[in-house]
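Per chain, numbering begins at 1; letters A, B, ... match sequence-line order. Quick caveat: nothing in here was measured; it's all calculated off a predicted structure.
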Amino acid sequence: MEMKDALKPEESGRGGVSRFAVSMAVLLALLAWGLVLNVNTGSVDIPAGHIFAMVWEGLRCKVLDLFTGCYGQELSAVITASPESRIIFSIRMPRMLLAAILGGALALSGFLLQTFFRNPIAGPFVLGISSGAKMVVGITTILLAPRLGAIGSGVMILSAFAGSLLIVSAVLLFSQRVRNMSMLLVIGIMVGYICSAVTDFCITFASESDIISLTSWSMGSFSGANWGNVATAGWLCLTGAVLSWLLSKPIAAYALGEGYAQSLGINVKLFRAALILLSSLLSACVTAYAGPISFVGIAVPHITRTMLKTSRPVLVIPATYLCGAVFCIFCDLIARTAFSPTEMAIGTVTSAFGAPVVIYMMLKRQKQRQ
Amino acid sequence: MIYFHTKDLAVGYDGRALIHDINIQVERGEILTLIGPNGSGKSTILKSITRQLAKICGQVYIGRQEIGAWRARELAKQVAVVLTDRIHPELMTCEEVVAMGRYPYTNALGRLTARDRAAVAEAMERVHALDLARRDFATLSDGQRQRIMLARAICQEPEVLILDEPTAYLDIRHKIELLDILREMAHEKGITVIMSLHEIDLATKISDRLLCVKGDTIEAFGPPEDILAEGVIDRLYGIEHGSYDLLFGSVELAAPQGEPQVFVVGGGGLGIGCYRALQKRQIPFAAGILFDNDVDCPVARALSGHVITAPAFEPMGEEHFQQAAALLARCGCVVDAGTPIGAFNRMNGRLLALAEERRIPVRRGWKALESEPGGVARQTA
């Protein structure tokens, strides 16, 4: 039978997979290109060949050091060999790696929230989660800094995580009363404003030095990244990403609604809690290191789905992460170099590219409904 | 052998029982249908037996095991559902939606094996939806969606299939198709089907057992032939104006009130058109003389309080003629439905002759009523 042939196992679903392979290849190529561009461009011009030699040497030493433990000195020699190598190893490389790791995390966090709310324009920034994280980080910085001295990244992450969870629970509380999704988004935006107001209030009474660091941080930027940040963020975000990927099966079933998900044997309460914790962890990580960054969480999952032409989470989750990394690396490149030596806030660039995507998406949905 | 049964089940929300003492017994491969008015708790019962809603008290057994004792994944292999929730998955093909039914069988990442794919294809074939496999689910019509959701439930390979108003939103053709598929599943595969329906006529025809749910109690439970006596449906749904005929599954709207103004001489099904035409204009009428097994009889009785009937299989008697003549004398108009006059219904011929004699206007068929709207009323006023 002709129709039955259409469902042969080797045929079925293969279109999605090969499309996935091509998309991943394109994204990986873009990522590599973005990394190279990032290392290459900046206020100090360094010849490309020189850079590759240095990076290669550094990588070689690092890997050898990891296995033998006695290449540490050579590694630091490579890093401190020249001013150029110091720029590359201490500024540009950690920054671009952090941008890639956090960009992916932000996109994935958006994807998880969209799954949770079953709404394509949910995202950490729109729902006020980023602002909540920022508020708690701000309060911690101002209240605790005088007592503790410097604030470590661990404390930053914890307070950002606490802030995210606080806002998520507030939004969830409202979502039980408000069934209408657009109303929920309005509430999220309002909650975001309240958090900003609280943050601003704290800043008013903060000391001069706190204000400067807090303001520059809250503008959102990948500058000031160091290798310690990269390692911590890398571990946290990749763990979050792997855990999310392991949830792909229930995520796919959840697209059919809670009733069907439950009837398939999913513990819906547990699953929803896992979604919220993971997305909060990911967006908290981003907020702690780079401040609130807008629109990546909405735009990137949408771009990814359009590219893959499927919403199978097994494929969409890794692709979203990669796509988010590429998106943020290029946005950071633009932020860094467009008006060099003046640096723009990363949020400015992501909004400029992300918001039009969101508008386009809304219009397209509107058209589909008619 | 009883396969699915409940024992003193009480269901409701927030710990408060809405309906209690629900005792159902269904054998393997039988179809149980829940009927009852809107908001009577059909969905609440269905949600409770699928564990979507915590039951208040009592037990629900599938086979010998209480449903609370099943692990979620094992229960999912036993029970599949088709809900009233309208789903809006994005960028999912019908095949992918159906394949979700394999969830309890696939590995941690939901990878479909050859066996799973065969089950998906078989389920789609069963609902005649193989040609939709590659279509985006969002582009389907209501009828197609419902078939896909049914295929999804079928490929879950359940022992019990639970459907909440599966025929809602469907046109009559798709309703029949869907119920046909369910009957096939029940009879051929021995799947026990439990569903709620709004169409009482379809429910009586497809079900092995009916459960009449009315507010806080179960009105009746059993085979449709046993429990559906005259007037049960009117009581169950609280129909005060209008009526429901079980035999034909037809609905009659509210009968016109007042003294009869028109006498309809009918029989053999020809009267029905006239009665309904008069009902539409809300003109009270009398009908006669009808054999009590005539198809006109139930409709006439539903729409008029003045129906003269005679026993079937024997000629109408003088007393029937006298009763009818008395009624006819009070009417300002007679309608001859066009029923042929033979030896047994000779009295109807006499009635028409009597009308001529008394110079009461006689109209032929309901079309004559139709062509002069209000004409009858004017003459009788």
Next on the checklist: Does B/W70 have more than 12 heavy atoms from other residues, nucleotides or ligands lying within 6.0 Å of its CH2?
Outcome noted: yes
Next on the checklist: Would you say that more than 12 heavy atoms from the other residues, nucleotides or ligands in this model lie under 6.0 Å from the NZ of B/K7, or not?
Outcome noted: no
Checklist entry - Mind checking whether B/V82 and A/Y260 have side chains closer than 4.5 Å, heavy atoms only? => result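 B/V82 reaches A/Y260 side chain to side chain.
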Out of [options], return the one with the most heavy atom pairs under 4.5 angstrom to chain A.
options	result
B/V81, B/D136, B/L91	B/L91
B/R86, B/R102, B/K47, B/R152	B/R152
B/R73, B/E96, B/M92	B/E96
B/D116, B/T113, B/N107	B/N107

Next on the checklist: Please determine whether side-chain contact (heavy atoms from CB on, under 4.5 Å) holds for the pair B/H88 and A/R118, giving the CA-CA distance in whole Å, both sets of side-chain angles, and the decisive distance to 0.1 Å.
Outcome noted: CA-CA 9 Å; B/H88 306 278; A/R118 243 177 268 112; over 6 Å; no
Checklist entry - Do any of residues 9-16 of chain B come closer than 4.5 Å to chain A, heavy atom to heavy atom, and if so which ones, in number order? => result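 Not one residue of residues 9-16 of chain B has a heavy atom under 4.5 Å from chain A.
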Checklist entry - Under a 4.5 Å heavy-atom cut-off, does chain B meet the side chain of A/S263, its backbone, both or neither? => result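 For A/S263, heavy atoms of backbone and side chain both lie under 4.5 Å from chain B.
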Item to check | Portion of A/P313 that has a non-hydrogen atom of chain B nearer than 4.5 angstrom | outcome: neither
Which heavy atom of [X] sits nearest to which heavy atom of [Y], and what is that distance?
X	Y	value
A/V314	B/L109	CG2-O, 3.8 Å
B/Y103	A/L264	CD2-O, 3.4 Å
B/A76	A/G265	CB-N, 3.9 Å

Relative to chain A, which segment of [X] carries a heavy atom at a distance below 4.5 Å: side chain, backbone, both, or neither?
X	result
B/T93	neither
B/Q156	side chain
B/L83	both
B/E74	neither

Item to check | chain B interface, residue from A/A252, A/G257, A/S248 that has the most non-hydrogen pairs under 4.5 Å | outcome: A/A252
Item to check | Pairs of heavy atoms under 4.5 Å with chain B: top-ranked of A/L256, A/V268, A/L246, A/N267 | outcome: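 If we count pairs closer than 4.5 Å to chain B, A/L256 comes out on top.
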Next on the checklist: Using only atom types and a distance under 3.5 Å, with no angle test, would you say the side chain of A/K249 pairs donor to acceptor with the backbone of B/R111?
Outcome noted: no
Item to check | Polar side-chain atom of A/Q262 near backbone of B/R51 as donor-acceptor pair, under 3.5 Å | outcome: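 It does hold such a pair.
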